[in-house]
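All values reported here derive from a predicted model rather than from experimental measurement. Just the heavy atoms: all of them, side chains too, but no hydrogens, waters or symmetry mates, feed the values below.
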Amino acid sequence: MNPNQTVEDESHPSITAASRRIQRLSLHLTPLPPSQPSLQLNMLTCAKAANKLEVDKVSLSTYMRGKNRDIQEKIIEFFESRPDLQTPVGVSMNEHRELCMRQLVALVREAKIKPFRYVVDDPAKYFAITEAIGSIDVSLGIKLGVQFSLWGGSVLNLGTEKHRDKYFDGIDNLVYPGCFAMTELHHGSNVQGLQTTATFDPVTDEFIIDTPNDGAIKWWIGNAAVHGKFATVFAKLILPTHDSKKVSDMGVHAFIVPIRDLNTLQTLPGIEIHDCGHKVGLNGVDNGALRFRSVRIPRDNLLNRFGDVSQDGKYTSSLPTINKRFAAMLGELVGGRVGLAYASVGFLKISVTIAVRYSLLRQQFGPPEQPEVSILDYQSQQHKLMPMLASSYAFHFATQYLVQKYSEMKKMHDEQLVADVHALSAGLKAYVTSYTAKSLSTCREACGGHGYAAVNRFGSLRNDHDIFQTFEGDNTVLMQQVAADLLKQYKDKFQGGTLSVTWNYLRESMNTYLSQPNPIIARWESADHLRDPKFQLDAFRYRTSRLLQSVAARLRKHSKTLGTFGAWNRCLNHLLLLAESHTESVILAKFIEAVH
């Protein structure tokens, strides 16, 4: 390293991102005059380097990253070759927002990578792109997801051919940047409780979008504050009737609403946009609030895959009830949840890599008169980092399986598979993001004071990831969905119903697990047996089955006196433990399949 190097020199294109971090760290930690180059920060050799295990990194990387490795490397090489597109430490919110938009435009128009084309046709490739983008800047990854998965995905998945023909190219090439306006100030998880209305006017053949009160203001809407020109707005569809009620509520539907002029970017009449301001993290994403005051849109702007309105105001749908239409709509939007689970594993990989590498190089203490030892040689450090390293592999294979099932769902449109993916994505998103959130803090602590330097990314990774536990479904709510699905299958099993295909172990082994002795106390205790993956998986599944049986009995008991809602609340922690246990079983099963 050149001791006369300054931070300003970092813009030179030949300097990699890793080199820049080391340079900045050396200047930050070693405020020594240039006349003492021998004392500058240098790479140290691990005390145990002579005994290190050799790993075929190329083969491992190829196996882990699979067929989409090339496009990930293309993305990383593109941004490493463009210092003007790299996010500096300490960037302001406004600068970060504009930088993220420039980064996204450059990806699509200069690097010629078009993520939108893979959202439906090749989800695995789309999620591989988002993982690589997230390693560049998490805000960029989220902005990309808002544009292509949420705004674009809602048009593709909830609309019909006319919507695809009209909007696809504009979304694909970023001429039509857009928003996904579902969350309201008073309603987030309870989507059926949304209060925004879309009232049909048969005289003008238009829908009138209204925000009836402050609680119905669309809130935390990505791309809304600065860049969005359109929004997919979720609102209650209100139709006029000729009976005493005068109107009929057809449930929540999705509508395309222009919010800014395509050329001037001026806010359109009836639209009010407010900036949500500085956040804990993801400040490159321009979150805003939207209020609608009698905004008129053409009837064709209803995304009508699951329900349509004719010019004379008649409603038609292939699905007979509001609940079925609502479930079908949410089932098509599950891709965002799949993407978050997959992306969260990326955070874990990055943070564990940084912490393990640092721990190999950092040396502290040791036997008298001998070299200091690598801190990774300490049992306490191993106990912090090795479970997270192992979990990153397990989560990788589990989320790969989730992406595979999601891809099958997009091709087959099978109702049962939609339900399976919905429940599986709920469990994995909740479990993985919660685990990663805790791990990010542990990794920072494992790197001591150096981990607190902003250049080492732990702070930004932790802050940017924190919201992953909330958006696309609050983790506690999602785990309850998993528990509810398991209870439904438990009831079906003993009432002669059919179990769904995703929960294979319930279908194949329910009777066995509920009748057999505890595998932990009824079997051998040898090391080989305890390390046997089949025994470990049996133990996990046995635990889940016993939790399922016991919570079902408790719910039956308490529902007699407390009612369904009261019984559920009384047993809530038990239900969450059941969902967590089941999700751990799925993760372990997919890991065992991948490595054996």
Contact between Val295 and Val257 at the side-chain level, heavy atoms closer than 4.5 Å - yes or no? yes
Less than 4.0 angstrom from a charged side-chain N to a carboxylate O is my criterion; do Arg541 and Glu584 meet it? no
Check whether any side-chain heavy atom of Met182 sits under 4.5 Å from a side-chain heavy atom of Val252, and report yes or no. no
For His253 and Lys236, does a side-chain donor sit closer than 3.5 Å to a side-chain acceptor? no
Taking only Lys NZ, Arg NE, NH1 and NH2, and the carboxylate oxygens of Asp or Glu, determine whether Lys534 and Asp538 approach each other closer than 4.0 Å. yes
With Arg164 via salt bridge (charged side-chain N to carboxylate O under 4.0 Å, His left out) - residues at least two apart: none
Hydrogens and angles aside, do Asp485 and Gln489 bring a side-chain donor and acceptor to less than 3.5 Å of each other? yes
How many angstroms lie between atom CD1 of Ile142 and atom CG of Asn223, to the nearest 0.5 angstrom? 11.5 Å
With the side chain counted from C-beta on, respond yes when Tyr118 and Phe127 share a heavy-atom pair under 4.5 Å apart, and no when they do not. no
With a 4.5 Å cut-off on side-chain heavy atoms, are Thr199 and Leu237 touching? no
Looking at Asp300 and Lys166, does any basic side-chain N land under 4.0 Å from a carboxylate oxygen? no
Crowding at CG, Asn573 (>12 non-hydrogen neighbours, <6.0 Å): no
Gln195 side chain to Glu184 side chain, donor-acceptor N/O pair below 3.5 angstrom: no
Does CZ in Arg554 sit with more than 12 non-hydrogen atoms of other residues, nucleotides or ligands closer than 6.0 Å? yes
Is there a side-chain contact between Arg291 and Asp214 (heavy atoms, below 4.5 Å)? yes
Give the table of side-chain donor-acceptor pairs shorter than 3.5 Å for residues 334-344, with sequence neighbours excluded, one pair per line with atom names and distance.
from   : atom 1 : to     : atom 2 : distance (Å)
Arg337 : NE     : Glu472 : O      : 3.3
Ser344 : OG     : Thr436 : OG1    : 3.2
Ser344 : OG     : His465 : NE2    : 2.8

Find out whether Val191 and Phe326 are in side-chain contact, i.e. whether some heavy atom of one side chain is under 4.5 Å from a heavy atom of the other. yes
In the structure I gave you, are the side-chain heavy atoms of Pro115 and Tyr126 within less than 4.5 Å of one another anywhere? yes
Should Tyr167 and Phe230 be marked as a ring-ring contact (aromatic ring centres under 6.0 Å, His included) after you check the CA-CA gap, both sets of side-chain angles, and the distance that decides it? CA-CA 10 Å; Tyr167 293 100; Phe230 293 87; 5.7 Å; yes
Counting only heavy atoms from other residues, nucleotides and ligands, does the tally under 6.0 Å from NZ of Lys162 exceed 12? yes
Between Glu408 and Lys411, does a salt bridge (Lys or Arg N to Asp or Glu O under 4.0 Å) hold up when you go through it step by step? CA-CA 5 Å; Glu408 292 175 8; Lys411 293 175 182 177; over 6 Å; no
Mind checking side chain to side chain donor-acceptor pair (under 3.5 Å) for Thr183 and listing every partner two or more places apart, or none if nothing turns up? none
Looking at Lys405 and Asp420, is any side-chain nitrogen of the basic one under 4.0 Å from a carboxylate oxygen of the acidic one? no
Check whether the side chains of Asp464 and Ser139 place a donor and an acceptor atom closer than 3.5 Å, and report yes or no. no
For Ser425 and Tyr406, which I'm curious about, is there any donor-acceptor pair between the side chains at under 3.5 Å? no
Answer yes if the side chains of Asn475 and Ser434 hold a donor-acceptor pair under 3.5 Å, and no otherwise. yes
For Lys324, is the NZ atom crowded, meaning more than 12 foreign heavy atoms sit under 6.0 Å from it? no
Going by distance alone, is a donor N or O of one side chain under 3.5 Å from an acceptor N or O of the other, for Asp308 and Thr316? no
Verify whether one side chain among Arg546 and Gln549 offers a donor that lies under 3.5 Å from an acceptor in the other. yes
Quick one: does Phe397's side chain get under 4.5 Å of Met64's, heavy atoms only? yes
Using a 6.0 Å cut-off, check whether atom NZ of Lys114 has over 12 heavy atoms from anything other than its own residue. yes
Please name the residue in the list Asn157, Asp121, Val418 that meets the side-chain contact (heavy atoms from CB on, under 4.5 Å) test with Lys410. Asn157
Is the closest side-chain donor-acceptor distance between Thr321 and Asn323 under 3.5 Å? no
Scan side-chain atoms only and decide if Arg543 and Ser581 contain a donor-acceptor pair under the 3.5 Å cut-off. yes
Are any side-chain N or O atoms of His163 and backbone N or O atoms of Thr160, one a donor and one an acceptor, separated by less than 3.5 Å? yes
